[in-house]
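Worksheet: the structure to be examined is printed underneath.
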Amino acid sequence: MNPLIVEIDVWQTAERLSVYIASSLFLLFVIITSSSPSILSSLSKSILNPLLFNRHLQNFHLKMGSTDSQWKLADHPKLPKGKKIAVVVLDGWGEANPDQYNCIHVAETPTMDSLKKGAPEKWTLVKAHGTAVGLPTDDDMGNSEVGHNALGAGRIYAQGAKLVDLALASGKIYEEEGFNYIKESFDQGTLHLIGLLSDGGVHSRLDQVQLLLKGASEHGAKRIRVHILTDGRDVLDGSSVGFVETLENDLAELRAKGVDARIASGGGRMYVTMDRYENDWDVVKRGWDAQVLGEAPHKFQNAVEAVKKLRELPNMNDQYLPPFVIVDESGNPVGPILDGDAVVTFNFRADRMVMIAKALEYEDFDKFDRVRVPKIRYAGMLQYDGELKLPSRYLVSPPLIERTSGEYLVKNGVRTFACSETVKFGHVTFFWNGNRSGYFDASKEEYVEIPSDVGITFNVQPKMKAVEIAEKARDAILSGKFDQVRVNLPNGDMVGHTGDIEATVVACKAADEAVKIILDAVEQVGGIYVVTADHGNAEDMVKRNKSGQPAKDKNGNIQILTSHTLQPVPVAIGGPGLLPGVKFRTDVQTPGLANVAATVMNLHGFVAPSDYEPTLIEVVDN
Ligand SMILES: O=C(O)[C@H](O)COP(=O)(O)O
Ligand SMILES: [Mn+2]
Ligand SMILES: [Mn+2]
């Protein structure tokens with residue numbers, strides 16, 4: 001066995017022992033002051049399970065109000081403190097076979113190529129999809145929310161997709177406070193469901209919507225209106241028609257059972273409702289006008305026809321369909337949101353629901369003129385922002401992601417700088433910190449957002465703000481004011497989602513150049529870099545058949561993949577500050593993104609908490 005691992009084990013045992021002694025005194029106190037048998041039995045279970053016990057204790061400290069000592073991380077036995085560390089997340093940068101649809105391979109990426117030459121000691125691959133990041137199955141592609149959650153939290157949490165599955169399967173969703181709250185409107189009002197209609201599993205899933213429709217009607221909803229947002233980003237472009245047909249069939253079945261259920265409005269997710277990080281409130285306003293006011297530039301009597309017709313507009317695709325409302329024979333919208341109605345936003349993922357949640361929930365709201373603000377009972381599928389408690393009502397509790405590496409490091413004196421452009425800003429801050437907005441300690445942190453271009457698809461500007469982000473990171477590194485400088489470089493992902501292969505190649509080159517700027521700064525200050533990604537995207541831009549060849553549609557055309565992938569992502573370490581003996585371990589079972597947090601903590605000179613996924617590195621004495 002590696003000497004370092006033994007040393008850490010010894011240290012951890014010592015730590016655990018001291019924690020036990022202190023805690024046993026506390027437990028004794030509880031036992032003496034309480035004769036409850038249930039407490040005694042759970043205590044004895046905890047004592048027998050050190051991991052569980054540690055977690056209980058840590059959570060107990062947090063609940064009781066934490067002090068610095070409870071956050072204190074142990075010193076790493078070999079790795080020094082005080083190194084400047086750059087953590088670079090290349091969004092949508094996976095590792096795949098080299099071919100013409102692998103834009104990372106096609107692009108000139110000398111910096112990332114040079115890192116790869118350090119394999120296997122300084123460059124490795126980790127899982128970034130499926131159960132490795134808390135998604136329901138290994139058929140689920142990775143995404144930014146779960147990827148950054150895992151990177152920052154160092155542990156794998158059952159994510160929204162899975163939690164909603166469980167709540168629907170057990171029927172618990174209908175017993176909880178959130179559903180009971182909206183149910184109050186079912187007698188007199190309409191239940192409105194707003195969200196992304198696809199089976200992408202990133203923000204929402206069609207099968208969950210189907211179950212919710214069925215369950216809500218069985219629990220008393222008599223009038224239901226669905227406001228759809230078409231996808232084409234997490235699923236193939238053009239698939240919207242099939243999803244709308246499926247939904248229409250379900251609604252027809254409900255109508256046959258006497259429920260007045262219809263689609264009321266729609267629009268493409270990137271143009272209607274699902275903006276994020278306040279990049280462009282007009283997107284949310286277009287949705288508000290269609291969903292709440294029943295007003296849109298396009299009116300149809302049938303949603304399948306709406307989607308088919310709007311897709312015929314020049315350069316149109318599912319992501320950008322203009323807003324439309326469904327009207328009756330007299331031209332009146334069939335489902336504006338009115339006083340007394342209930343509204344559920346059925347996406348489980350947070351980032352692109354926060355803005356609409358604010359519009360639906362906040363009394364004081366000045367981002368656009370809402371014209372009419374109906375008195376509704378509103379619930380999110382999940383609570384989208386735990387810090388803002390937004391929305392205040394929700395059907396399923398979100399994963400409780402606590403004690404993230406960001407919080408630990410800041411509380412251990414690591415001065416932290418984080419930066420991206422608007423479209424990914426929340427990824428390296430909010431998602432990284434366990435879906436929590438704001439600073440842990442404003443005196444030690446600075447988060448910089450570079451405004452993204454607004455109102456364009458990013459294939460038009462594939463370089464995005466990569467250089468600006470890198471220059472901010474460079475300045476932060478050189479300033480000496482920060483110990484960790486963390487960025488997200490969005491290009492591979494944001495341009496990859498457009499399906500424009502040529503532009504994605506330009507995007508990958510731009511991201512690579514940005515990495516170079518950051519690594520040069522690391523070099524200058526004798527620092528360390530950790531370069532990784534949150535999931536794949538740009539490395540595979542075509543749908544593949546089972547044998548891995550590009551799949552063709554019925555007309556013989558290649559099907560461009562706009563979505564993320566199931567590919568692993570690289571993790572590269574290096575820089576002049578890295579001790580020569582540091583290398584990637586070969587004994588970590590199925591390493592994934594969640595193993596990165598402990599790795600970074602080690603490089604800052606600390607041992608990660610014992611319930612974190614193991615570090616990827618070891619220090620071998622020369
Ligand atoms: O919201 C999006 O843009 C896509 O659905 C997923 O992309 P992301 O997970 O990289 O943000
Ligand atoms: Mn991403
Ligand atoms: Mn993406």
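Remember, it's 1-based here, ligands and their atoms both numbered in the order they're listed.
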Q: Describe, in one word, how the ring planes of His497 and His564 are oriented to each other, choosing from parallel (under 30°), tilted (30 to 60°) and perpendicular (over 60°).
A: tilted

Q) How many N, O or S atoms of the protein are nearer than 2.8 Å to the Mn ion (ligand 3)? A) 4

**Q.** Which residues share a salt bridge (Lys or Arg N to Asp or Glu O under 4.0 Å) with Lys127, sequence neighbours left out
**A.** none

(Q) I'd like the residue list for ligand 1, meaning every protein residue with a non-hydrogen atom under 4.0 Å from the ligand. (A) Asp91, Asn143, Ser144, Val202, His203, Arg233, Asp234, Arg269, Arg276, Arg349, Arg352, Lys424, His427, Asp493, His497, His535, His564

Q: Answer yes or no: is there an ion pair linking Glu449 with Lys472, defined by an N-O contact shorter than 4.0 Å?
A: no

Q: Please name the atom of Asp534, restricted to N, O or S, that is closest to the Mn ion (ligand 2).
A: OD2

**Q.** Pair Asp207 + Arg205, salt bridge at N-O below 4.0 Å
**A.** yes

Q. For the rings on Phe430 and His148, is their centre-to-centre separation under 6.0 Å?
A. no

(Q) Assess whether a salt bridge exists between Asp385 and Lys389, defined as any Lys/Arg side-chain N lying under 4.0 Å from an Asp/Glu carboxylate O. (A) no

Q.
Looking at Lys516 and Asp512, is any side-chain nitrogen of the basic one under 4.0 Å from a carboxylate oxygen of the acidic one?
A. no

**Q.** Sub-6.0 Å ring centroid separation between Trp281 and Phe365
**A.** yes

Q. Charged N to carboxylate O below 4.0 Å: is that the case for Arg352 and Asp275?
A. no

Q) Got a sec, which residues hit side chain to side chain donor-acceptor pair (under 3.5 Å) with Gln208, two or more places apart in sequence or on another chain? A) Asp165

